[in-house]
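Just so it is clear, the model here is predicted, and its values are computed rather than measured. Just so it is clear, the values below take in all heavy atoms, side chains as well, and ignore hydrogens, waters and symmetry mates.
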Amino acid sequence: MAEAQKEERARGLAVQALELVASGRDEEGSRALREAASLAPDNQDVKAAFDKIQKDDLQHLLHKLCSKFVHQDDQDAGKEALAYLSRSADVPGDVAAECMELVTKPRTVAKPPSTMGAGNYKKLDIKKKKEEARIAAMIQESQEIQDGIISGLLRESSAAKAWFAKKLDQCSTNLVFKDLYGIGNGTANGIATVVLDLSAWSSADVRETCEKDIFQLYLAKLLEVGDEYNGRALKGIARLLAADAEKLHEFMDEMCFDAVLTCLDDRGPIEVRSQATLATAKYLEVSDSAQKTLVNFVTTRIARQHNEDIVLAFSAAAGVFPVAPSIASTLFLTKGFLESLIPLVEKKAKSEKVEQATLNMLNAACIDTACREAIGKHCTRWLQHVLDAGKGRRPGIAAVVLAKCQGSSIQNGNEKASKMQDDAHVDGLVSKLEIMMADGSPEAIQSSIEGLAYASVKPKVKDQLAKDQEFLITFLGILKSHSAPGSSIAFGGLTLIDNLTRYLPNLSEEQKRISQLKAYANASKPSAQADPLDEEDAVTKRCKAVVDAGAISVLVSISKTLSPGSIGIVFNILLSLSRTQSLRGTIAQQGGVRLLLQNYTAITGTSATEVQARHTASHALARILVKVDPTLVFPSSGAVSLTSAIRPLVSLLSEDPALATEGPRDLLPTFEALLSLTNLASTPSSGAAENIIRLAFPTIEDLLLTSNERIQRAATELVCNLVTCPAGIELFADESKAAARRVHILLAMADVDDEETRKAAGGALASLTQFEGAVKAILARERAVEILLGLCEGDDQEGQIVHRGVVCVMNIVCMEDPIAQAAIEQVKDLGGLDILKAAAQDFQQNEQILSCAVQARKALVA
């Protein structure tokens with residue numbers, strides 16, 4: 001073959017090799033290039049092909065994929081790039097910048113020619129229409145891929161953000177924004193992300209200047225008539241305002257704020273409304289003129305009395321209530337506003353959208369107590385009409401508003417009879433709300449559960465709901481499936497359960513007397529008597545119904561995603577449920593203890609709310625653990641250890657200053673904590689007793705000397721279990737002054753009138769009298785032996801106290817000399833032989849008492 005032919009052939013193979021490699025057929029491309037090299041090794045085209053392929057081999061995978069997507073319109077490569085970024089793979093800075101350079105260039109995608117114009121639309125060729133649709137879908141998909149790659153690069157790479165910031169700085173901000181804003185939501189949001197990232201900018205001044213420009217460009221986009229990306233612009237506005245409202249709010253004039261308020265239209269997408277709400281909240285917070293603009297927006301549109309204007313006005317008011325209730329309520333309670341509202345709405349009776357907007361505003365206004373009362377006064381008749389005759393979702397929302405107003409009047413002690421509080425009316429409300437809850441849409445579920453939460457303040461509603469097991473199961477299922485972080489459905493649902501299970505507060509005798517005195521002093525008002533459906537037996541039945549419906553497993557399931565406020569409600573619910581002894585095992589078995597411990601540990605703040613939440617969790621834990629077998633609740637292979645429960649329980653033994661009240665201290669949590677600690681301390685080889693001693697023994701000592709008989713008894717029972725471990729024995733038997741003092745306290749407990757306290761003290765002394773140091777302390781104390789012999793003369797029918805006394809006497813007289821001799825002398829002097837003889841005769845059938853008494857008598861007569 002001639003040289004010229006070889007050269008020509010080699011050049012053709014080199015071109016072919018590059019095409020094969022570009023199409024992904026690397027092996028065939030390599031083969032073609034090797035053949036070209038064999039024909040003309042010095043050919044420049046062949047060498048260039050070698051260099052290009054080698055360079056491509058060294059090229060980063062992400063860069064290759066982006067290059068294919070941009071230059072060859074390869075959507076599969078674009079999807080691979082998205083997958084690469086979604087794996088949070090490490091992207092080198094130079095690669096990220098190069099990829100940003102590639103994918104942010106304006107892309108020209110051929111659009112199908114228009115088929116409109118000359119011919120009749122009905123005669124359009126079907127194939128052409130299908131082809132148009134196909135090409136349009138490809139363009140849309142390509143744009144979505146581009147948007148995903150840009151937002152992914154900005155998410156994963158600081159170098160990509162720095163490249164973007166440099167682009168905004170060095171080029172026209174307006175042009176860059178214009179090119180990128182329309183790509184997609186991710187890219188438009190990425191602009192705000194870059195602007196807010198201080199590390200991406202060369203200087204703070206450059207960033208601040210660019211931020212102001214970008215904010216104004218977002219505002220301009222929002223003001224564009226017919227712009228389909230309002231949510232996109234609002235998100236940028238809301239993010240920038242949230243970060244730098246003080247610097248940026250001056251750029252938002254009345255026209256811009258009007259545009260934001262218009263986006264609160266309750267007919268619009270939730271994404272748009274949520275961003276408009278955030279922007280409104282921040283602007284109201286920092287702008288002196290914002291409140292005036294809001295009032296003008298609402299009042300001028302209402303004054304026009306056009307349906308569209310009324311809907312926008314009411315939607316804006318409804319949107320502002322959750323974020324700025326004081327501002328919204330001031331407008332709502334302005335003289336004449338509510339009085340003229342219902343006549344206006346009735347005038348527009350045929351407009352469903354006006355009626356819907358009115359209901360939404362009233363529902364939102366119920367967040368404020370004064371607004372609820374005003375609604376109850378001026379709007380009840382109209383709400384009742386909507387409830388009875390309305391269509392669609394409107395009767396349900398009317399029921400929610402009525403329920404909220406009714407709940408408010410009951411909480412405020414308003415006993416005035418009214419139609420709204422008539423029992424038949426209440427039944428109708430609850431039925432409407434139950435039907436609305438089953439609707440399935442998130443908004444309907446949220447509103448209905450919120451309404452039921454308010455309605456369930458009324459005892460009759462509590463009873464009605466708790467007796468409907470089908471409702472409870474359905475409701476708990478909905479609560480479980482709508483427990484995302486920040487869910488208002490979860491908060492409303494937990495409030496409803498809390499209302500169903502809450503007991504009336506326990507009043508001390510002193511508090512009852514004060515309450516009676518207040519009632520006498522205020523004789524003009526009827527005294528509020530507890531409804532029978534709120535008495536303990538009725539609440540206990542409701543608690544059992546809630547647990548039977550599966551509430552515990554649902555609470556455990558959703559607790560991982562709840563806010564601190566919602567977790568506090570869960571603690572209240574578990575505290576109420578654990579009041580019933582028969583439910584404690586179920587609560588523990590289904591994960592209630594684990595829920596309490598894990599969330600107790602997670603709350604670390606010092607605010608009054610957080611301190612109260614920890615206290616409630618500890619009290620619920622104390623109730624559950626009073627009699628439940630610790631080894632079943634805390635198995636050795638479990639995620640939560642037995643000793644993790646000790647610190648929360650110990651926190652209940654002393655009063656937290658943050659929870660101190662003017663009245664007497666509630667000692668019930670302390671009492672139940674002592675019982676639970678006693679239960680835990682009884683678990684062998686768990687380390688519980690040692691931990692309790694280390695964390696709380698000085699406090700336990702103080703409780704032994706309290707004037708409250710039940711606390712004193714429980715503390716003594718705990719000590720009885722603590723002295724079974726070496727650390728507990730050492731506290732009483734190390735021959736120190738402190739040990740002697742503790743022995744003295746135990747002896748005093750063994751001499752009280754309360755039988756259970758004497759039994760516990762006797763048990764502790766029976767254990768301690770096995771040790772020389774404790775016996776020395778007993779013999780050194782006046783009346784100590786007399787007290788032990790007094791135990792032997794106990795009059796309990798089962799002989800438990802007698803048994804403990806006989807064991808104590810046997811132990812001290814059977815000690816090694818000279819201790820035994822001193823003990824024998826004291827026992828004999830106090831008539832111990834006769835006392836032991838009488839004990840043996842009285843309990844002849846009790847082998848343990850008989851054996852110990854005989855052994856002690858032998859030591860005495862030896």
Side-chain angles (χ1 to χ4, degrees), residues 618 622 625-626 643 645-657 660 664-682 687-771 773-784 787-788 791 804 808:
S618 301
L625 295 177
V626 167
T643 53
I646 293 173
R647 191 174 294 275
L649 296 175
V650 165
S651 70
L652 298 174
L653 299 185
S654 54
E655 186 174 24
D656 193 318
R665 175 187 170 192
D666 181 9
L667 289 172
L668 181 60
T670 301
F671 175 69
E672 291 175 325
L674 288 168
L675 296 183
S676 295
L677 289 169
T678 302
N679 189 23
L680 296 182
S682 68
E690 289 83 353
N691 272 276
I692 294 168
I693 289 168
R694 178 172 56 82
L695 292 172
F697 196 78
T699 306
I700 296 169
E701 274 191 278
D702 291 340
L703 294 175
L704 287 170
L705 300 174
T706 184
S707 60
N708 186 289
E709 185 177 278
R710 297 181 71 189
I711 296 292
Q712 190 177 74
R713 178 199 308 160
T716 308
E717 290 173 344
L718 175 55
V719 169
C720 182
N721 279 3
L722 294 179
V723 296
T724 59
C725 74
I729 294 166
E730 187 177 355
L731 288 170
F732 293 85
D734 66 358
E735 300 188 31
S736 64
K737 289 183 179 179
R741 176 175 50 78
R742 294 181 188 116
V743 170
H744 182 201
I745 293 172
L746 268 186
L747 288 166
M749 295 302 101
D751 196 33
V752 298
D753 293 333
D754 183 65
E755 188 175 293
E756 294 299 320
T757 305
R758 289 168 60 209
K759 186 193 302 181
L765 290 167
S767 296
L768 291 170
T769 49
Q770 300 176 72
F771 301 94
V775 175
K776 286 182 179 179
I778 290 171
L779 296 177
R781 185 65 60 180
E782 186 179 352
R783 286 195 69 246
I787 291 171
L788 297 183
L791 294 175
R804 287 157 173 73
C808 289

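Residue Arg781 places its CZ atom among more than 12 non-hydrogen atoms of other residues, nucleotides or ligands, all under 6.0 Å distant. By the 6.0 Å contact criterion, CD on Glu730 is open, its count of non-hydrogen atoms from other residues, nucleotides or ligands being 12 or less.
Using a distance-only test at 3.5 Å, with no hydrogens or angles considered, no donor-acceptor pair links the side chain of Asp751 to the main chain of Ile787. A donor-acceptor pair under 3.5 Å is formed between the side chain of Gln770 and the backbone N or O of Ser767. Side chain of Thr670 to main chain of Leu652: a donor-acceptor pair is present (N/O by atom type, distance under 3.5 Å, no hydrogens or angles).
Rounded to the nearest 0.5 angstrom, Leu677 CG and Leu718 CG are separated by 6.0 Å. The OG1 atom of Thr769 sits 12.5 Å away from the CZ atom of Phe732 when rounded to the nearest 0.5 Å. Taking SG from Cys720 and CZ from Arg804, the interatomic distance works out to 6.5 Å, rounded to the nearest 0.5 Å. Taken to the nearest 0.5 Å, the CG atom of Leu722 stands 11.0 Å off from the CD1 atom of Ile729.
Residues Ser618 and Leu649 approach most closely at O-CD2, 4.0 Å, considering heavy atoms. Considering every non-hydrogen atom in both Ala766 and Cys808, the closest pair reads N-SG, 3.4 Å. The minimum heavy-atom distance linking Ala733 with Ala739 is given by the pair N-CB, 4.1 Å. Closest of all the heavy-atom pairs between Leu768 and Ala774 is O-CB, 3.2 Å. Looking at every heavy atom in both residues, Cys725 comes nearest to Glu690 through CB-OE2, 3.6 Å. Closest non-hydrogen pair, Ala645 versus Leu680, comes out as CB-CD1, 4.2 Å.
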Would you tabulate the side-chain donor-acceptor contacts of residues 693-705 under 3.5 Å, counting partners in other chains and residues two or more places apart, or write 'none'?
residue, atom, partner, partner atom, Å
Arg694, NH2, Asn691, OD1, 2.7
Glu701, OE2, Arg741, NH1, 2.9
Glu701, OE2, Arg742, NE, 3.4

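Counting heavy atoms from C-beta outward, Arg710 and Leu667 have side chains that stay 4.5 Å or more apart. Taking 4.5 Å as the limit, every side-chain heavy atom of Ile692 sits out of range of all side-chain heavy atoms of Asn721. At least one side-chain heavy atom of Leu788 sits less than 4.5 Å from a side-chain heavy atom of Leu747. Here the side chains of Asn679 and Leu675 are not in contact, with every heavy-atom distance at 4.5 Å or above.
Side-chain polar atoms of Asp734 and Ser736 form a donor-acceptor pair below 3.5 angstrom.
Listed by first and then second residue, the side chain to side chain donor-acceptor pair (under 3.5 Å) pairs that reach into residues 752-762 are Arg713-Asp754, Asp754-Thr757, Glu756-Lys759, Lys759-Gln800, sequence neighbours excluded.
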